[in-house]
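Okay, structure first, notes after.
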Amino acid sequence: MTPVRVQDAAAVRIDEIYRYTRDRWGEAQADAYIAGLFEAFEGIAAGTVASRPVPAEFGVDGYVFRYKRHFVYWKTLGDGATGIVTVLHERMHRIDRFLEDREA
């Protein structure tokens with residue numbers, strides 16, 4: 001299985017997701033949600049998570065899949081590792097946020 005690397009912008013988003021979930025539903029729920037998210041990341045590397053190519057209007061090579069209320073954007077890095085680019089809530093304007101995170 002290839003390694004998974006959470007890139008800086010994705011790490012910021014994951015922290016935001018954790019804090020929001022913890023503040024709204026409690027620490028146990030936040031821990032469970034983030035643990036499930038990381039299991040999904042491992043599923044990318046193992047080939048057990050179905051992804052689709054990022055839409056052409058984003059102008060990048062990469063993939064996206066849905067994890068509960070979030071979209072996970074990822075790509076294969078030059079060394080073959082799986083790079084988690086960003087994680088965006090379903091209500092976020094995905095093109096704008098994705099482009100912001102891609103440039104970070």
Side-chain angles (χ1 to χ4, degrees):
M1 182 165 41
T2 63
V4 175
R5 293 198 184 97
V6 177
Q7 298 181 320
D8 291 342
V12 169
R13 299 290 183 196
I14 292 166
D15 287 345
E16 291 170 352
I17 293 164
Y18 181 85
R19 283 191 305 273
Y20 178 84
T21 305
R22 180 198 62 209
D23 294 348
R24 183 113 179 167
W25 292 287
E27 191 171 335
Q29 181 63 32
D31 289 344
Y33 195 88
I34 297 302
L37 191 59
F38 275 86
E39 286 176 22
F41 296 167
E42 294 297 327
I44 297 167
T48 60
V49 170
S51 298
R52 63 183 191 274
V54 172
E57 64 264 23
F58 284 60
V60 296
D61 289 326
Y63 302 91
V64 61
F65 72 93
R66 186 179 185 121
Y67 174 77
K68 298 186 180 187
R69 300 283 186 171
H70 289 86
F71 289 92
V72 177
Y73 292 87
W74 65 277
K75 64 182 179 179
T76 302
L77 302 176
D79 63 358
T82 299
I84 306 300
V85 176
T86 194
V87 181
L88 301 177
H89 191 273
E90 65 188 2
R91 292 187 184 168
M92 291 179 165
H93 188 272
R94 293 186 294 147
I95 287 181
D96 291 345
R97 294 295 178 110
F98 178 81
L99 294 176
E100 286 173 15
D101 287 354
R102 188 182 91 181
E103 294 171 3

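When reading the values below, keep in mind they use all heavy atoms of this one structure, side chains included, and skip hydrogens, waters and symmetry mates.
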(request) Applying side-chain contact (heavy atoms from CB on, under 4.5 Å), run through Val72 and Leu37 and close with a yes or a no. (result) CA-CA 9 Å; Val72 177; Leu37 191 59; 3.9 Å; yes
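- Here the closest heavy-atom approach between residue Gln7 and residue Leu77 is recorded as NE2-CD2, 3.5 Å.
- Around atom CD of Glu27, no more than 12 heavy atoms belonging to other residues, nucleotides or ligands sit under 6.0 Å away.
- When all heavy atoms are compared, the tightest approach of Arg69 to Tyr33 is N-OH, 3.4 Å.
- Ala45 and Thr2 get closest at one heavy-atom pair: CB-O, 3.3 Å.
- Screening Tyr63, Phe41, Tyr67 for a ring pair (Phe, Tyr, Trp, His ring centres under 6.0 Å) involving Trp74 leaves a single residue, Tyr63.
- The OH atom of Tyr18 lies 4.0 Å from the CG atom of Asp31; values are rounded to the nearest 0.5 Å.
- Between Glu16 and Arg19 there is no salt bridge, since no side-chain N of the basic residue sits under 4.0 Å from a carboxylate O of the acidic one.
- Taking CG of Asp8 as the reference point, atom OG1 of Thr86 lies at 11.0 Å (rounded to 0.5 Å).
- For the side chain to side chain contact (heavy atoms under 4.5 Å, CB included) test with Ile44, the passing option among Val4, Thr76, Ile84 is Ile84; the others fail.
- Taking each heavy atom of Ala81 and Arg5 in turn, the nearest pair found is CB-NH1, 3.0 Å.
- Between Val85 and Ala9, the shortest heavy-atom distance links the atoms O-CB, 3.9 Å.
- One finds the CZ atom of Phe65 at 11.5 Å from the NE2 atom of His70 (value rounded to the nearest 0.5 Å).
- Around CG of Asp61, the count of heavy atoms belonging to other residues, nucleotides or ligands within 6.0 Å does not exceed 12.
- Closest of all the heavy-atom pairs between Val87 and Arg13 is O-CB, 3.3 Å.
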